[in-house]
Protein chains: 2
Amino acid sequence: MSNSPTIIPVIAPPPAGFGAAPTFSPLYQQIKALITGSLQAGEWKPGELIPSEVELAARFKVSQGTVRKAIDELSAENLVVRRQGKGTFVATHHEVRAQFRFLRLMPDAGEAHQADNQIIEVKRQRAPADVARLLDIKPADAVIFIKRVQSFDGAPTILEELWLPGLIFRGLTAERLVEYKGPMYGLFETEFGTRMIRATEKIRAVHADHIATGLLNVSVDTPLLSVERVSFTYGDKPVEVRRGLYLTDRHHYQNELS
Amino acid sequence: MSNSPTIIPVIAPPPAGFGAAPTFSPLYQQIKALITGSLQAGEWKPGELIPSEVELAARFKVSQGTVRKAIDELSAENLVVRRQGKGTFVATHHEVRAQFRFLRLMPDAGEAHQADNQIIEVKRQRAPADVARLLDIKPADAVIFIKRVQSFDGAPTILEELWLPGLIFRGLTAERLVEYKGPMYGLFETEFGTRMIRATEKIRAVHADHIATGLLNVSVDTPLLSVERVSFTYGDKPVEVRRGLYLTDRHHYQNELS
DNA sequence: TAGTGGTCTAGACCACTAT
DNA sequence: TAGTGGTCTAGACCACTAA
């Protein structure tokens, strides 16, 4: 193509200034949305190679630089991972580099945790009202409820309760959770086609209740971190609510402000 | 310039492959370092307009695109702020958008805090051993110690202790802190030429001690968030240690994982 | 109107990876 | 050697701001 810069290719252009809400957006944003759509639709699975920048530029009929800028942002949002000389890959939770993105509890001293995961309970139930609101589903809808304890170096440290939409995680059982080795988000991604993209956490200090007392092996009224997490998949759709109680006598929640 | 792409301008080039440790770095990274240097040296003060991309490109004898990429990163790191049609400005803590970057405690419900800041104590002392280590100074060196309580909507909520290098913050007094309106980091930046760039926080759950009990008006053994912050200025130099106790009965620490 | 940052293109070369 | 992402350039036009 010689020169046709004002034409917006592929995507329906807002040709002139009329209609309700112009909704302009840069070309690279439109390309980014298209690629995100393909990721969401599963055209390329987590861990797989996506087409090269040159190929994508040809497919969308834009320059390589425009595709590059789109992928730049996807890479910054951890949706894809670039590897020089190899290509661009769909991000996956089955990677070392992705492991600690959602687990912020670090040992005060020493090395990586020798982690152990104990499933206490898994059941299907109706969504509690507050969980339903957070998951954006109806209270009558089914959810999978999971309770587990994570130990580091033999010491029970995290007591967690999770609620997952029953519709998406149909067939998730305690057996499956127990036999699966590796991060839980890896399981969700591989077995249920649901990839956690981002999450928000609300953190408080609370007292251990009598249940936590037993499972974490601490005395009543031990101060614990309460961490309520809502995780989102593509399209900012909430797909997990998690309530954790963290024992912070030998660990701390690490955060970077930048 | 017609065509001289292999020449690295301005900065001493690694002309061929010899010498110890080649230390290659992309041109835009070198430009970024130069601009950061000017920021650190105070060539442009916080809030001020920096030269346009075209000007900087001419100064450094590179293309505008290269300067742009350098500024892209500085903008992503919150060192500068771009404003279309106006120019690029040195970031400052005297902005609404920057206020909540370091204060993560949010009210559970309702609107922005009616904040009140009560200075309890300001004194000059020798650095405690652990603080000295975090600030990368000698234990014999002087630090400014500040103790204060922040209240939201009339309720005492944060009890904080701060340690600042005495060398940098010479002349910081209780009076100055009390009479200054606005964020403390704004004061540091304007009066002491030290701008906080990023920080790390370690968060734990602890019991209120008897001092916190009085100042936060809570009973002994109330669970509190312990937040230890180390703040850094240009060149990753630590310039503040802060230990806060957050009351989280009506507030929570908000965090985004992405 | 002039100047700024924002977008888009086209083409060149480099660094890295695999075959 | 071929293909990938990474860097750099030069030039065009757009959107926004202010005089």
Side-chain angles (χ1 to χ4, degrees), chain A residues 1-11 13-17 22-33 35 44 48-58 60-76 80-91, chain B residues 1-11 13-17 22-33 35 44 48-58 60-76 80-91:
Chain A
M1 42 176 50
S2 54
N3 204 351
S4 55
T6 59
I7 294 177
I8 298 182
V10 180
I11 306 93
T23 329
F24 282 113
S25 86
L27 237 192
Y28 76 89
Q29 287 288 1
Q30 302 176 46
I31 304 299
K32 180 185 170 190
I35 297 175
W44 316 299
E48 284 183 9
L49 184 67
I50 77 171
S52 75
E53 296 177 355
V54 176
E55 280 180 79
L56 290 171
F60 298 131
K61 297 200 170 61
V62 299
S63 78
Q64 185 186 351
T66 300
V67 170
R68 165 164 288 274
K69 179 139 190 185
I71 295 180
D72 276 347
E73 293 204 349
L74 293 173
S75 175
V80 300
V81 176
R82 315 180 98 132
R83 295 202 195 121
Q84 183 172 116
K86 301 173 99 170
T88 302
F89 299 79
V90 183
Chain B
M1 43 177 49
S2 53
N3 204 353
S4 56
T6 58
I7 294 177
I8 298 181
V10 179
I11 306 91
T23 327
F24 281 114
S25 86
L27 238 193
Y28 75 89
Q29 287 287 1
Q30 303 177 44
I31 303 300
K32 180 185 169 190
I35 297 175
W44 317 298
E48 283 183 9
L49 183 67
I50 76 171
S52 75
E53 295 177 355
V54 175
E55 280 181 79
L56 290 171
F60 298 130
K61 296 202 170 60
V62 299
S63 78
Q64 185 185 351
T66 300
V67 171
R68 164 163 289 273
K69 180 141 190 183
I71 295 181
D72 274 347
E73 293 203 350
L74 293 173
S75 175
V80 300
V81 175
R82 313 180 99 133
R83 297 204 193 119
Q84 182 172 116
K86 300 173 97 170
T88 301
F89 299 79
V90 183

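Just so it is clear: chains get the letters A, B, ... in the order the sequence lines come, proteins before strands, and each one is counted from 1. A quick note: this is a predicted structure, and the numbers were derived from the prediction, not measured.
Under 4.0 angstrom from either OP1 or OP2 of D/dG5 there lies no side-chain N or O belonging to A/K86. Residue B/K69 places at least one side-chain N or O under 4.0 Å from the OP1 or OP2 atom of D/dT7. Listed pair B/S52 / C/dT4 meets the phosphate criterion, a side-chain N or O lying under 4.0 Å from OP1 or OP2. Between A/S63 and C/dA10, a side-chain N or O to OP1/OP2 separation shorter than 4.0 Å is absent. Taking 4.0 angstrom as the limit, A/R82 places a side-chain polar atom (N or O) nearer than this to OP1 or OP2 of D/dG6.
C/dC14: Watson-Crick or G-U partner is D/dG5, with both key distances under 3.5 Å.
Atom P of nucleotide D/dG5 and atom CZ of A/R83 are separated by 12 Å, given to the nearest angstrom. Nucleotide C/dA15 holds its P atom 14 Å from the OH atom of B/Y28, rounded to whole Å. Atom CZ in A/R68 sits roughly 16 Å away from atom C1' in C/dT7 (whole-Å rounding). The separation between A/D72 atom CG and C/dC8 atom P is 13 Å, rounded to whole Å. Residue A/I50 contributes atom CD1, which lies 12 Å from atom P of D/dT4 at whole-angstrom precision. When rounded to the nearest whole Å, the span between CD of A/Q64 and C1' of C/dC13 equals 13 Å. The CD1 atom of A/I35 sits 14 Å away from the C1' atom of D/dG5 (whole-angstrom rounding). Atom CD in B/E55 sits about 11 Å away from atom P in C/dG3, given to the nearest Å.
In this structure the side chain of A/I50 reaches within 4.5 angstrom of the side chain of A/L56, judged on heavy atoms. Here the side chains of B/L27 and B/F60 are not in contact, with every heavy-atom distance at 4.5 Å or above. Within the 4.5 Å cutoff, no side-chain heavy atoms of A/E55 are placed close to those of A/V67.
Side-chain atoms of B/E48 never come within 3.5 Å of backbone atoms of B/V90 as a donor-acceptor pair (strictly under, hydrogens ignored).
Heavy-atom distances to DNA chain C give each of B/L49 and A/Q84 a nearest nucleotide, and the one nearer the 5′ end belongs to B/L49.
Here A/K61 contributes atom NZ and A/T66 contributes atom OG1; the two are 14.5 Å apart, rounded to the nearest 0.5 Å.
The side chain of B/L27 lies closest to D/dC8, out of C/dT9, D/dG5, D/dC8.
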